[in-house]
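Just so it is clear, the values below take in all heavy atoms, side chains as well, and ignore hydrogens, waters and symmetry mates.
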Amino acid sequence: MFSEKFKKNAPYNIFFTEISDSPETVNQMNSIKFTDLLCPSLGTLTSSLQLTFALNTNWLMEQYENTGNETKPLTILYFSDLTDPEENTGSLALLVLLYICFELNYFLRLILCVLAARLFKKRVHILQETTVTGVCVTNDVDALLYHMNNARYLRELDFARVDFYERSGLYRRIREKGGSVVQGACTIRYRRFVKTFSRYTITSKIVYWDEKSIFMEHRFITPRDNFICAIAICRQRVIDCNAEDVMSSLVITGTVEDAETAKLKPELPKEVALWIESNEISSLNIRSGG
């Protein structure tokens, strides 16, 4: 079962393709074949997307049939050789379409954040703080062109949270318990704008949790003067599992260098308590038609 091989290669899960002319690769724990990706031990396949430069439809469909997935929806994006003048137009049109339909820069950056956190950054305890660094570039500025657009702050928090999830093991533990996590609410206070081409850091930490949600605080800080330019509180809604159970298991089993970091559940900060109350009032107003 491929799931066993997947577990043994955790946490990095880097695999290489088996080579038919090299028998020794078949028995290596980090070698896989295409049908391993469709193995039922990884879960039930509902649909799939194939991006390829070398398309052999008959072979591809055989792999799906061999694993009992021939009736599942399959989308194929085929990229031809861009050096062929006769096919350049169609290939470039496809790339343009992808950029129009999807935020490719966003997804590519998410992938890079995950890889950096898994391969190059140090693991942290669930109650420790993480830091990521960013630069306000021209894609981030507002209409006045000299500081970061207000909406970009929230976008940058996605990357900071991905880094925290991976390094603390939070997302992996939620998935192990059969759950998932989404953003339930967010509030941000701006104190000073981040100028174009200036560097900033984002700190992330968990400040509280209950049975349903995990509350995180993020701070945008300019390194040159350690000024907090913006501070955000985000409610991460845990679905299909108990957030208390997830956090308890991580607090107990996490690797901690500083013993004081492994403290008990923190007290609910006053500002977070008032914000939760505000959200509850807003929910009641909506439900009552107000």
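Counting Ile, Leu, Val, Met, Phe, Trp and Tyr side chains that sit under 4.5 Å apart, directly or through other members, V137 shares a hydrophobic cluster with V135. Clustering of Ile, Leu, Val, Met, Phe, Trp and Tyr side chains at separations under 4.5 Å places V141 together with L145.
The structure places OH of Y171 at 9.0 Å from CD of E166, a figure rounded to the nearest 0.5 Å. Here T67 contributes atom OG1 and E62 contributes atom CD; the two are 11.5 Å apart, rounded to the nearest 0.5 Å. To the nearest 0.5 Å, atom OG1 of residue T130 and atom NE2 of residue H125 are 14.0 Å apart. Rounding to the nearest 0.5 Å gives a distance of 10.5 Å between SG of C241 and CD of E176. Rounding to the nearest 0.5 Å places OG1 of T196 at 10.0 Å from CG of L144. Note that the OG atom of S168 and the CZ atom of R123 stand 9.5 Å from one another [nearest 0.5 Å].
Side-chain atoms of S288 come within 3.5 Å of backbone atoms of L284 as a donor-acceptor pair (strictly under, hydrogens ignored). The backbone N or O of L45 sits less than 3.5 Å from a side-chain atom of K72, completing a donor-acceptor pair. In this structure a side-chain-to-backbone donor-acceptor pair under 3.5 Å is present from R191 to I228. In this structure, the side chain of S283 engages the main chain of N279 through a donor-acceptor pair within 3.5 Å. Checking side-chain atoms of Y190 against main-chain N and O of N150 turns up a donor-acceptor pair under 3.5 Å.
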Steps toward salt bridge (Lys or Arg N to Asp or Glu O under 4.0 Å) verdict (D158, R155): CA-CA 5 Å; D158 281 356; R155 174 189 170 98; over 6 Å; no
Would D225 and R192 count as a side-chain contact (heavy atoms from CB on, under 4.5 Å) if you check the C-alpha gap in whole Å, the side-chain angles of each, and the deciding distance to 0.1 Å? CA-CA 12 Å; D225 56 5; R192 187 175 75 187; 2.7 Å; yes
Does the side-chain contact (heavy atoms from CB on, under 4.5 Å) test come out yes or no for S213 and Q236, once each step is laid out? CA-CA 5 Å; S213 304; Q236 303 307 115; over 6 Å; no
With side-chain contact (heavy atoms from CB on, under 4.5 Å) as the criterion, how do K205 and Q128 come out once you've worked through the C-alpha distance, each side chain's angles and the decisive distance to 0.1 Å? CA-CA 6 Å; K205 66 179 180 180; Q128 287 181 314; over 6 Å; no
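Residues satisfying the salt bridge (charged side-chain N to carboxylate O under 4.0 Å, His left out) criterion with D163, sequence neighbours excluded, are K121, R167. Remark: R237 engages no residue in a salt bridge (charged side-chain N to carboxylate O under 4.0 Å, His left out) (not counting sequence neighbours). For Y165, there are no ring-ring contact (aromatic ring centres under 6.0 Å, His included) partners, not counting sequence neighbours.
Between Y208 and F215, the angle of the ring planes lies from 30° to 60°, which puts this pair in the tilted group.
Listed by first then second residue, pairs satisfying ring-ring contact (aromatic ring centres under 6.0 Å, His included) with a partner in residues 219-252 read Y153-F220, Y200-F220, not counting sequence neighbours.
For the pair W209/E244, a side-chain contact is recorded, criterion being any heavy-atom separation below 4.5 Å from C-beta on. Looking at heavy atoms from C-beta onward, K177 lies in side-chain contact with S249 at the 4.5 angstrom threshold. In this structure, L74 and L60 have side chains that are in contact, with non-hydrogen atoms separated by less than 4.5 Å. Within the 4.5 Å cutoff, no side-chain heavy atoms of S47 are placed close to those of T75. With contacts defined as side-chain heavy-atom distances shorter than 4.5 Å, the pair H218/E156 does not qualify. Under the 4.5 Å side-chain criterion, counting only non-hydrogen atoms from C-beta, T222 is not in contact with S198. At least one side-chain heavy atom of R152 sits under 4.5 Å from a side-chain heavy atom of N139. Counting heavy atoms from C-beta outward, M247 and K265 have side chains that stay 4.5 Å or more apart.
Grouping the Ile, Leu, Val, Met, Phe, Trp and Tyr side chains by contacts below 4.5 angstrom, directly or via other members, places L38 with W59. F159 and L154 fall into different hydrophobic clusters, defined by Ile, Leu, Val, Met, Phe, Trp and Tyr side-chain heavy atoms under 4.5 Å apart, directly or through other members. W275 and L268 fall within the same hydrophobic cluster, defined by Ile, Leu, Val, Met, Phe, Trp and Tyr side-chain heavy atoms under 4.5 Å apart, directly or through other members. Note on F164 and L250: same hydrophobic cluster, where clusters join Ile, Leu, Val, Met, Phe, Trp and Tyr whose side-chain heavy atoms are under 4.5 Å apart, directly or indirectly. Hydrophobic clustering of Ile, Leu, Val, Met, Phe, Trp and Tyr side chains at less than 4.5 Å, counting indirect connections, keeps V181 apart from V272.
For K212 against A243, the heavy-atom pair with the smallest separation is C-CB, 4.0 Å. Taking every heavy atom of both residues into account, R199 and P223 meet most closely at O-CD, 3.3 Å.
Just one of T187, I214, L157, I188 meets the side-chain contact (heavy atoms from CB on, under 4.5 Å) condition when paired with C234; it is L157.
A cation-pi contact, defined as under 6.0 Å to the ring centre and within 45° of the axis, is absent between K195 and Y146.
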